[in-house]
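Data first, discussion second: the structure below is written as structure tokens.
Only this structure's heavy atoms are used, side chains among them; waters, hydrogens and symmetry mates stay out. Just so it is clear: chains get the letters A, B, ... in the order the sequence lines come, proteins before strands, and each one is counted from 1.
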Amino acid sequence: MDDDKYDFAAVEKKWRERWDAMGLFKTGFNAGGEKYYALTMYPYPSGVLHMGHVINYTIGDVIARYKILRGFDVLSPMGWDSFGLPAENAAIRTGVHPHAFTEKNIAKMTAQMRRAGWGFDWEREVATSHVDYYKWNQWFFLKFYERGLAVKKTAPVNWCDSCQTVLANEQVHNGECERCGSAVAQKDMSQWFFTMSRYAQRLLDGHQQLRGNYPDAVLAMQEEWIGRSEGAKIYFKVAETGDALPVFTTRPDTLFGVTFLSIAPEHPLLAKLLKGTPQERAVLDAAKKMREGGTSEKDLVDKEKVGVAAGFNVVNPVNGESVPLWVANFALMNYGTGAVMAVPAHDQRDFEFAKKYGLPVRVVIQPSGEKLVASQMTAAYAAAGELVNSGEFNGKNNVAAMSEIIRWLTENKFGEGTVNYRLRDWLISRQRYWGTPIPIIYCDKCGAVPVPEKDLPVVLPDDVQFKGEGNPLKTGASFVNCQCPQCGGAAQRETDTMDTFVDSSWYFLRYADAKNDRAPFAAEKIKRWLPVNQYVGGIEHATMHLIYARFFTMALHDLGLVDFTEPFQKLFCQGMVCKTAYRCEACKWLPADGVEFADEAAKDKTTGVVGKCQKCGGDVAAEMTKISKTKLNIVDPDALFDRFGADAVRLYMLSDAPPDRMQIWNEAGLNGAWRTLNRLRLTVREWTNSERKLSAVGENLPAPRGQADRELTQKTHQCIIAATEAIEGGSRLQGGFHFNTAIARCNELLNQFRQKMADKEAIDGATARLAIETMVKMLSPITPHFAEEMWEMLGHTESIFRSGWAVGDPQLAAEATVEIPIQINGKLRHRQEVAVNAAAAELEKSVLADATVQALIAGKTVVKIIAVPGRMVNVVVK
RNA sequence: GCGAAGUUGGCGGAACGGCAGACGCGCCGGUUUUAGGAGCCGGUGGGCAACCGUGGGGGUUCGAAUCCCCCACUUCGCACCA
């Protein structure tokens, strides 16, 4: 009958225009409603949306629309994290200025975002590379500087000698420069930090408020990142010179077992000690060698443990013993004190190091029931036991004696109990152009002088060169040379720019007052909108961005700029979008169409060899990984919008898996989403036609309140309740956002509705309308254009987003009877239809009265009966 | 190395400690004068059966995909990518 197709392109365009016209996504749409701030992590403007964005912003949009339906005054903003390395790399490669590159990308991605149907309040758009944004980064820096929260210290960077440039960890592969392949080494530079480590305990304490509102995994990762550990600081001294060399240890109980002490190769004391000694050259060379390779934690840890004797000894305060000082690459300057006491008998890493270099092993803890002999040990003994060779602590349990030992250390001034954190100060300096200039001027006379607030912003200059060597900002003569604000003499600007994580640590505050040119934001706007009610983003941000933003908010709180300490009330993290990638030993990564598959089944395999490379004929192995350009497994959202429309893509993204799981990309499922929409559309058409027929017959027809009506009404209310619960979370589905099960409930309702139509069951017009409108409404946040179109088809003249969310009635949803399983000794044996509210005693009676059950337990003794009302009965027999 | 998450049919996934496989994809068969990426009907974990089945091995329980312990594998993060 109807051979027309659903013209999604026209429908989607039509509704986007109407939403714009009606101001659906501007704050105040539900004027007077309670505020709701729905935030999604702003993207880096790479120029193309990837599937991670699609899932992220679809979830955010569904939440915003759902809250609009529930009457909230919703703020749902979008912006651009537009500073960063890629624009600068593009400038080096193609000569296009980062500014032009970035603006073009923003324009492209904005168009893509509109096509997806994500509703944002574009009047609040921010771009961090715009001077009206980064000016406030500089302003915050000055405030931090005044308070001692921004300081300058020495820290190592990845240095490529042949490119004469600092490299990001990302640009270092296996200790080599990504561009030229030459060896990378660490180099110390004086750089700016935010003293975030001061906030370690507060960040940790904040978890109490966040527990239950952030994913547990994120809190666990942040706890690990903050890395609180209790232990003691022990005052070792250099035997020859008397220099203090404190160490931090979590195992003060093993202090009598120390046989050497390790110091980080870049420890400042090392160079001082060695100065003028015969071994100076050799030890410093060895230390330098240890610093080859990148600075990332993974690079450091993966390195083989090596060391060299420094030619000095240190004195163990507890027994006065002198033990040798070693330089070791596993001693980390930025953790603890940069020196570690070594107890080979009770620490595996120390044990291995001691065996490698022939250092002594001394047992100070004996496990019960066996006796360790140092010379016969093959591994360290790290567990608990009885202290031996430990002076007055001999005979005590090492764990139980811990606090006593710490007290003793403090009383005797050998050390003190202390808490150490893994959390480091935040290194914000970047030796790059495309970032916020740090507002500091260096004067020969006055030293480092902050740029006065009235001189802000320090604008990024355009007259710079991108050669791939050094920091381009240093080539801007007009930028670098300036006057000292204090003495007026010739001075030079800081050419380091800020880490882009500074930008993203407060952008959510700026959205509340995006156009303010007198302050980063006005207090009353912050009061209205902050904190963020729901933040949505990728799990990959669990530590860095989310910790920096929390720290920044606490710092702003301490500056009196905001009156809360946690920026995000609730956090939801979607999983990675992954897809099979193909790798050929010789040709590296291949696109799927570059693989000659062994057979049809091989196309679905996600691991192991699946075929041959079309180019070289070598074996191709499949691997399931995050969608990325380098692995050639990207999916272009635009192409999907072209083929299926935004609604079908959105529906598919949410219908398959709960969004906090890893999403496995499989295009076949998209067809199914498209079909679901068509089926619903067909249903709406058929029903609106038949409804017209019905009303033409007359209103005198008795309403057929029969069995079919009751069933459909029940199913409809079940759908509303279950779908709402799946979205909201709650007792059963804790986290919420289980769109996949909400969609499944709608499908069930649709199936039942179509079944009844096909069977020509008599259904009252109002019952049918409620059912069909419920399906449309439950889907409206997910497939908004489609839902609007159906809503209109159903005779409504106003947007569905004006109609409010559906309310389920638990009484109408309730079932009268339920078929419960009957178990005999825990095994399913029979079923019985019982009243839903039948009490345990009634269940027992009716089950025992059942002939089948009697036959099953004939000749056996009933030991007990477990009856769970409404769920099951288990008869235990012997 | 450290930390996190995950592992259920051919596939994505459902399942307050209580009927394993909802819903969807795919596949198989049928159907509608039907050529569409269409609709509709039926089937679809394994096994002829009894039964067996939630990565492997133990445990707790009347009852375990679910809780506990051990192990394996996969993915993600680790501070200059954002």
- Item | Interatomic distance at C1', B/C41 relative to B/U34, whole Å | 16 Å
- Item | Pair partner, B/G53 [Watson-Crick or wobble, under 3.5 Å] | none
- Separation between the C1' atoms of B/C40 and B/A5, rounded to whole Å: 43 Å
- B/C2 and B/C70: how far apart are their P atoms, nearest whole angstrom? 15 Å
- Message: Check the phosphate of B/G39 against A/Arg679, side-chain N and O only, distance under 4.0 Å to OP1 or OP2. Yes or no?
- Response: no
- Query: Which letter, B, S or -, goes with each nucleotide of nucleotides 71-82 of chain B from 5' to 3', with contact meaning a protein heavy atom under 4.0 Å?
  - Reply: ----SSSBBBBB
- Query: Among all residues two or more places apart in sequence or in another chain, which pass the side-chain contact (heavy atoms from CB on, under 4.5 Å) test with A/His545?
  - Reply: A/Met41, A/Phe501, A/Ser504, A/Tyr507, A/Tyr535, A/His541, A/Ala549
- Contact class for A/Glu748 (heavy atom, under 4.0 Å): base, sugar-phosphate, or nothing? sugar-phosphate
- Item | B/U33 to B/G39 separation - C1' atoms, rounded to the nearest Å | 14 Å
- Query: What is the nucleic acid contact for A/Glu223, judged by heavy atoms within less than 4.0 Å: base, sugar-phosphate only, or nothing?
  - Reply: nothing
- Could you tell me whether A/Ala542 contacts a base, only the sugar-phosphate backbone, or nothing, with contacts defined as non-hydrogen atoms closer than 4.0 Å? nothing
- A/Leu680 CG to B/G39 C1', in whole Å, measures 15 Å
- Residues A/Arg291 and A/Asp188 bridged, charged N to O under 4.0 Å: yes
- Query: Expressed in whole Å, how much space separates the P atoms belonging to B/G56 and B/A64?
  - Reply: 15 Å
- Query: Whole Å only: how far is the CG atom of A/Leu682 from the P atom of B/G36?
  - Reply: 18 Å
- Message: What's A/Arg675 touching, base or sugar-phosphate or nothing? Going by heavy atoms closer than 4.0 Å.
- Response: sugar-phosphate
- Pairwise C1' distance for B/A49 and B/G59, with rounding to whole Å: 33 Å
- Partner of B/G29 by Watson-Crick or G-U wobble geometry, both contacts under 3.5 Å, or none? B/C41
- Task: Send over the distance from A/Leu750 CG to B/C23 P, rounded to a whole Å.
- Result: 12 Å
- Task: Taking atom P in both B/U7 and B/U66, compute the distance separating them and give it to the nearest angstrom.
- Result: 11 Å
- Query: A/Asn740 near the nucleic acid: base, sugar-phosphate alone, or nothing, with a heavy-atom cut-off under 4.0 Å?
  - Reply: sugar-phosphate
- Base orientation of B/G9, syn vs anti, 90° cut from 0: syn
- Item | For B/G3, the Watson-Crick or wobble partner whose two distances fall under 3.5 Å | B/C76
- Item | Pair A/Arg211 + A/Glu223: basic N to acidic O under 4.0 Å | yes
- Task: Report, as yes or no, whether the 6.0 Å neighbourhood of atom CG on A/Asp216 holds more than 12 heavy atoms from other residues, nucleotides or ligands.
- Result: no
- Relative to the ring of A/Phe551, is the ring of A/Phe194 parallel (under 30°), tilted (30 to 60°) or perpendicular (over 60°)? tilted
- Message: In whole Å, measure the gap between the P atoms of B/A35 and B/A22 for me.
- Response: 33 Å
- Task: May I ask you to decide whether A/Lys153 forms a salt bridge with A/Asp425, counting only side-chain N to carboxylate O separations under 4.0 Å?
- Result: yes
- Residue A/Ala217, side-chain atoms from C-beta onward, closest of B/A22, B/U7, B/A4: B/A4
- How close or far is atom P of B/G6 from atom CD of A/Gln663, stated in whole angstroms? 14 Å
- Classify the nucleic acid contact of A/Asn751 as base, sugar-phosphate or nothing, counting any heavy atom under 4.0 Å across all strands shown. sugar-phosphate
- Message: Regarding A/Asn747, tell me which of base, sugar-phosphate or nothing describes its non-hydrogen contacts under 4.0 Å with the strands shown.
- Response: sugar-phosphate
- Message: For A/Glu748 and A/Arg754: C-alpha separation, side-chain torsions, deciding distance, then whether salt bridge (charged side-chain N to carboxylate O under 4.0 Å, His left out) applies.
- Response: CA-CA 10 Å; A/Glu748 285 171 4; A/Arg754 289 189 64 82; over 6 Å; no
- Task: For A/Leu779 and B/G24, give me the distance from atom CG to atom P, rounded to whole Å.
- Result: 13 Å
- Rounded to whole Å, CG of A/Asp216 lies from P of B/A5 at a distance of 8 Å
- Starting at the 5' end of RNA chain B and moving along, which residue's nearest nucleotide shows up first, A/Ile743 or A/Lys864? A/Ile743
- Message: Just the rounded figure in Å: distance from P of B/U7 to CD1 of A/Ile664.
- Response: 11 Å
- Query: Rounding to a whole Å, what distance do you find between A/Trp674:CH2 and B/A38:P?
  - Reply: 8 Å
- Message: Going by the rule salt bridge (Lys or Arg N to Asp or Glu O under 4.0 Å), which residues pair with A/Arg675 if we only count those two or more places apart in sequence or in a different chain?
- Response: none
- Query: When we call it a touch if two heavy atoms are under 4.0 Å apart, what does A/Arg643 touch: a base, just sugar-phosphate, or nothing?
  - Reply: base
